[in-house]
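Heads up, the thing below is written out as structure tokens.
Counting starts at 1 for both ligands and their atoms, in listed order. Values below: every heavy atom of this structure, side chains too, minus hydrogens, waters and symmetry copies.
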Amino acid sequence: MATYYNNETILFLNGEYIKAADAKTDLYSQSLHYGYSVFEGIRSYKTANGDTKIFKAEEHFERLKNSAIALNLPWHWTIEELITATYEVLERNNLQDAYIRPVVFAPANMSFVQNTESHITIQAWEMQPFLGEKLLRVMTSSFQRPNPKAFMLQAKAAGHYVNSILASQEAKAKGFDEALLTDMNGNVAEGPGANMFYEKDGRLFTPAAGHILMGITRATVLEICSELDIPVEEKMITTEELKNADAAFFCGTAAEIIGWESYDDLPFNKQWGDSVGKLIQQAYKHKVIEKEFKPI
Ligand code: PMP
């Protein structure tokens with residue numbers, strides 16, 4: 001198992017900076033018992049000029065706030081104070097290239113009744129950028145994303161991740177690297193923790209809103225497409241059309257941009273190195289460290 005903290009690590013808990021080793025939580029929390037909490041996955045990078053920069057900080061904390069509101073978890077903070085607290089956590093732990101995990105969670109409550117207060121923690125640990133250069137062998141999961149009428153799917157809620165864990169573990173047990181989940185209608189949705197795009201005839205396609213988490217990296221890819229004049233379309237995608245794709249990739253804060261080697265054991269028409277996704281990956285790598293990108 002990975003190590004996320006040591007005896008010196010500091011985290012933020014309800015307005016205080018305390019040692020992770022000393023931090024306590026309530027084992028009677030509604031969050032632990034029912035998966036009723038919301039969180040974010042954020043990255044900070046050492047930029048080209050040496051500063052530490054949280055990538056898309058406002059977007060992530062806005063989504064955290066909207067996730068909490070969607071689930072009726074009381075929200076007590078401003079976006080600004082949480083961003084300031086996150087920079088403080090990074091500084092106190094001497095981190096630049098880091099993964100940041102804020103969690104808003106519920107107090108002790110065994111009933112389903114709404115709470116009057118929430119707790120917040122912000123944790124961070126070192127994460128090198130662009131670990132995943134290895135291409136992924138992806139399989140269609142036997143698990144589908146939940147019916148959007150069963151959950152507030154636009155929220156990044158802890159409980160949704162039981163679905164992600166099942167799908168990811170199934171894929172690995174079958175010898176693949178990652179799962180691709182369909183939606184309740186059998187159309188392409190997303191990975192367990194990332195959105196996807198595929199390429200066909202020089203155009204990119206990605207599932208439209210409705211059955212997916214609206215990823216901040218997905219929005220960044222759309223931003224890059226507009227900057228580089230790459231045609232891109234958000235639409236309903238079938239697993240059959242994906243089998244005829246020229247290339248495909250996942251995108252997410254942790255995964256960044258990561259190409260697929262094959263889909264359900266079928267190789268793609270293009271080498272990853274020649275794909276539009278590779279170009280997007282280069283542009284993304286530059287963007288997060290605030291370095292100008294000039295495609296050749
Ligand atoms: N879909 C799911 C299910 C996720 O967990 C994530 C990771 N937060 C994403 C998509 C990508 O979102 P983002 O780019 O905001 O990290």
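- Considering Lys278, Lys200, Lys270 in turn, Lys200 is the only one that fulfils the salt bridge (charged side-chain N to carboxylate O under 4.0 Å, His left out) rule with Asp246.
- Put simply, the residue from Arg145, Gln144, His211 that forms a side chain to side chain contact (heavy atoms under 4.5 Å, CB included) with Leu181 is Arg145.
- With sequence neighbours left out, the salt bridge (Lys or Arg N to Asp or Glu O under 4.0 Å) criterion links Glu8 to no other residue.
- Listed by chain and number, the residues in a salt bridge (Lys or Arg N to Asp or Glu O under 4.0 Å) with Arg101 amount to none (sequence neighbours excluded).
- A ring-ring contact (aromatic ring centres under 6.0 Å, His included) check over residues 8-34, counting only residues at least two apart or in different chains, returns the pairs Phe12-Tyr17, Tyr34-Phe112.
- In this model, a donor atom of one side chain and an acceptor atom of the other lie less than 3.5 Å apart for Thr140 and Tyr263.
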Can you produce the list of protein nitrogen or oxygen atoms under 3.5 Å from a nitrogen or oxygen of ligand 1, alongside each distance?
unit_1	atom_1	unit_2	atom_2	d
ligand 1	1 (N)	Glu190	OE1	2.6
ligand 1	5 (O)	Lys156	NZ	3.3
ligand 1	5 (O)	Tyr161	OH	2.4
ligand 1	8 (N)	Lys156	NZ	2.7
ligand 1	14 (O)	Ile216	N	3.2
ligand 1	14 (O)	Thr217	N	2.8
ligand 1	14 (O)	Thr217	OG1	2.6
ligand 1	15 (O)	Arg63	NH1	2.8
ligand 1	15 (O)	Arg63	NH2	2.9
ligand 1	15 (O)	Ile216	N	2.7
ligand 1	16 (O)	Thr253	N	2.9
ligand 1	16 (O)	Thr253	OG1	2.6

